[in-house]
Amino acid sequence: MPSNVIVGLQWGDEGKGKITDLLSKNSDYVIRYQGGNNSGHSIHVKSSRFILHLIPSGVIYSNVKCIIGPGVVIDPKSFIKEIQDLELMNINTSKVFLSKRAHITMPYHRLLDQYKEEILKNKSIGTTHRGIGPTYEDKTARMGIRALDLLNLKNFYKKLKYNINFKNKIITKIYKKEPIVFKLIYEEYVEYAKAISNRIIDAVYEIHDAFYNKKKILFEGAQALLLDIDYGTYPYVTTSFTSTGGVCIGTGIPPHFLENFIGIAKAYCTRVGFGPFPTEINNDINNIIRKKGNEYGSTTNRPRRCGWLDLIALKYSCMINGIHFLIITKLDVLSELEIIKVGIKYKYNGKIIKYFPANIEEKDIEVIYIDFPGWEKDISHINKYENLPKNCKKYIKFIEDYLNIEILLISVGSEREQNIIKNKYSFFKIFS
Ligand code: GDP
Ligand code: IMO
Ligand code: MG
C-alpha cells in the first residue's frame with residue numbers, strides 16, 4: 001500500500017491542514033512526525049472551522065487513526081484542549097494516540113522561549129512562544145521528559161525535580177526572573193497524566209504493524225522546508241526536521257517504506273516571524289494579498305508577511321524533499337491582481353545565481369522577476385483545469401516547467417471541495 005508524505009515547501013501555512021484532510025478520506029492512518037503546537041493547520045468543512053495544532057489533520061474522518069509520532073513535542077495542556085474542542089464539535093477523538101517517546105513541553109519551556117526572545121530584542125527569531133525550541137534543546141541535552149514518564153509518576157517526580165532545579169538557576173541568574181515552583185507544576189502534570197495516559201502508545205510498533213498489514217498511511221509535515229533546522233534560513237528557523245527526511249527520524253521507519261512525496265506551495269509566499277524573505281512585497285500589494293488570503297497566523301494570529309512566488313527557493317525545497325508531485329494552494333488569492341510577479345533568479349553579491357544560498361541574508365539578495373498578466377476574475381468556483389482563465393493556466397504551466405514537477409492539484413478556496421484535480425490519473429492512483 002502506498003505511504004505518502006505531505007510537506008510544506010515554503011515558510012509554513014501553505015494549506016497542509018486543508019490538503020491533509022482532503023487526502024485523509026481513504027487513509028487508515030495520518031501521522032505527525034515533527035514540530036509541536038507551534039503549528040496551526042486549518043480545515044474548513046461546510047460551516048465548521050477547525051484549527052489543529054498537534055492532532056493530525058485526519059481526525060475529522062472517524063475511520064482514520066491519528067498518531068502523534070516520536071519526533072513531535074507535545075504540550076499536554078494544548079493537546080487536552082484540542083481534544084476537548086474537537087469533541088465539542090462532535091468529532092470522535094477515540095482514535096487519537098501519541099508516542100511514548102515524544103518529548104513533553106513543560107511550562108518552563110514556554111517561559112524560557114519567551115525570556116530568550118525578550119533578551120534577543122531586535123535579533124529575536126519571532127517564535128510562537130510555545131516552548132518548542134527549549135523542548136527540543138532538552139531532548140538533545142538528554143534531560144527531556146518523555147510521554148512515557150507520565151506513565152510512571154515516581155520517575156516523573158525525579159526528572160521534574162532535577163529539571164526544575166536546573167532551570168531555576170537559568171531563570172533566576174541569567175534571566176533575573178522569579179523561580180518556578182515544583183509543586184504546582186508536578187500537580188498540574190499529574191492531572192494531565194491521568195487525562196492522557198490511555199492515549200500513550202508504542203507508536204513505533206504500531207506504525208510498523210500498520211505497514212506490514214498494508215494500511216494506507218499519510219505522514220503530515222508541520223512547518224516547512226525553509227524553516228528546517230538544517231536547510232532553512234538559519235537561524236530564523238524552527239527546531240525540528242521539517243523535510244521528508246524527517247519522517248524516518250520522527251517515526252522510526254526505514255526510508256524504503258515511503259513512496260510518494262507530495263509538496264505543498266502557495267501560489268505566492270508568506271512568512272510569519274522574522275528572517276530573510278527575498279520576494280517580500282514592500283508596497284500595498286502586500287496588504288491586498290494579506291486581506292484576500294486572510295494571512296494571519298493560525299497559532300498566534302500575527303499578520304503574515306506576504307511576497308511573490310520564489311521559484312529559486314521552491315526548487316531548492318523540492319530538491320531537498322525529493323518531491324514527486326506538487327499541490328498549489330491559494331491560487332484564487334491572486335485573482336484580480338493586474339500583474340503577478342515570480343522570482344526566477346537571484347543577484348547575489350553582484351552575480352546572477354539560480355541556487356538558494358546557505359547564508360542567505362536579505363541585504364545581499366536582489367530578486368530577478370518575470371511579470372505575468374493577471375486573470376482578473378474570480379476562480380474560486382472552478383473545478384476543472386480547462387475552465388481556468390488562459391493567463392492563469394500560463395502561470396501554472398510556468399511553475400510546472402521551471403520545477404519540472406507535475407502539479408497534481410490546485411486549491412482555489414479554503415473549503416474541502418474547492419479544488420481542481422489537474423492530473424486525475426496520478427491523483428486517483430495515489431489517493432483512492
Ligand atoms: P497550514 O499550516 O499549512 O495547514 O496552513 P494554515 O491553515 O495555517 O493556513 C492556510 C490558510 O489558508 C487557512 O486559513 C486555510 O483555510 C486557507 N486556505 C487553504 N487553501 C486555500 C485556498 O486554496 N484558497 C484560500 N483562499 N484559502 C485557502
Ligand atoms: P505550520 O505547521 C508558519 C515559525 C515561527 C518563527 C519560527 C520559529 O502551521 O505551517 P518556533 O515557535 O517554531 O520556535 O518559531 O518558525 N513557525 C511557523 N511559521 N507556520 C508554522 O507552522 C510555524 N511554526 C513555526 O513564526 O518564525
Ligand atoms: Mg499553519
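Any value given below was found using the heavy atoms of this structure, including those in side chains, with hydrogens, waters and symmetry copies removed.
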Go through Tyr316 and Leu226 one step at a time and tell me if the side chain to side chain contact (heavy atoms under 4.5 Å, CB included) criterion holds.
-> CA-CA 9 Å; Tyr316 163 79; Leu226 301 174; 4.0 Å; yes

Step by step, work out the side chain to side chain donor-acceptor pair (under 3.5 Å) result for Glu220 and Ser57.
-> CA-CA 8 Å; Glu220 177 184 13; Ser57 304; 2.6 Å; yes

Candidate pair Glu206 and Tyr29, rule side chain to side chain donor-acceptor pair (under 3.5 Å), full reasoning | CA-CA 10 Å; Glu206 171 89 26; Tyr29 283 81; 2.6 Å; yes

Check the pair Thr93 / Glu87 against side chain to side chain donor-acceptor pair (under 3.5 Å), numbers first and verdict last.
-> CA-CA 7 Å; Thr93 64; Glu87 283 177 354; 2.5 Å; yes

Show your working on side chain to side chain donor-acceptor pair (under 3.5 Å) between Ser411 and Lys18 and close with a plain yes or no.
-> CA-CA 9 Å; Ser411 169; Lys18 175 194 159 160; 2.9 Å; yes

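Note that the CD1 atom of Ile31 and the OG atom of Ser99 stand 10.5 Å from one another [nearest 0.5 Å]. Taking CG of Asn163 as the start and CD1 of Ile145 as the end, the distance is 4.5 Å to the nearest 0.5 Å. The structure places CZ of Arg110 at 9.0 Å from OG1 of Thr135, a figure rounded to the nearest 0.5 Å. How far OG1 of Thr128 is from CD1 of Ile125: 12.0 Å, rounded to the nearest 0.5 Å. Within the model, atoms CG of Leu311 and NZ of Lys354 stand 9.5 Å from one another, a figure rounded to the nearest 0.5 Å. With values rounded to the nearest 0.5 angstrom, Lys214 atom NZ is found 13.0 Å from Asp28 atom CG.
Here Lys330 pairs with Glu295 in a salt bridge; the nearest charged N to carboxylate O distance falls below 4.0 Å. Glu82 and Lys77 are not joined by a salt bridge, as no carboxylate oxygen comes within less than 4.0 angstrom of a charged side-chain nitrogen. Of the charged side-chain nitrogens involved, none lies within less than 4.0 Å of a carboxylate oxygen, so that Lys159 and Asp138 do not count as a salt-bridged pair.
Among Thr233, Asp13, Thr279, the single residue meeting the side chain to side chain donor-acceptor pair (under 3.5 Å) criterion with Arg271 is Thr233.
Aromatic rings from Tyr157 and Phe182 are positioned such that their centres are separated by under 6.0 Å. In this structure, Phe257 has its ring center closer than 6.0 angstrom to the ring center of His208.
Glu259 is not listed as a side-chain neighbour of Val5, based on a closest heavy-atom distance of 4.5 Å or more. Contact of the Gln34 side chain with the Thr242 side chain is registered, since non-hydrogen atoms from C-beta on lie closer than 4.5 Å. Residues Ser240 and Ile229 form no side-chain contact, since every pair of their non-hydrogen atoms from C-beta on lies 4.5 Å or further apart.
Glu187 CD: more than 12 foreign heavy atoms inside a 6.0 Å radius. Atom NZ of Lys345 is surrounded by 12 or fewer heavy atoms from other residues, nucleotides or ligands within 6.0 Å. Residue Phe166 places its CZ atom among 12 or fewer non-hydrogen atoms of other residues, nucleotides or ligands, all under 6.0 Å distant.
Aromatic ring pairs are classed by plane angle as parallel below 30°, tilted from 30° to 60° and perpendicular above 60°; the pair Trp11 and Phe277 is tilted.
Checked by atom type and distance alone, the side chain of Ser197 never pairs as donor or acceptor with a backbone atom of Leu151 at under 3.5 Å.
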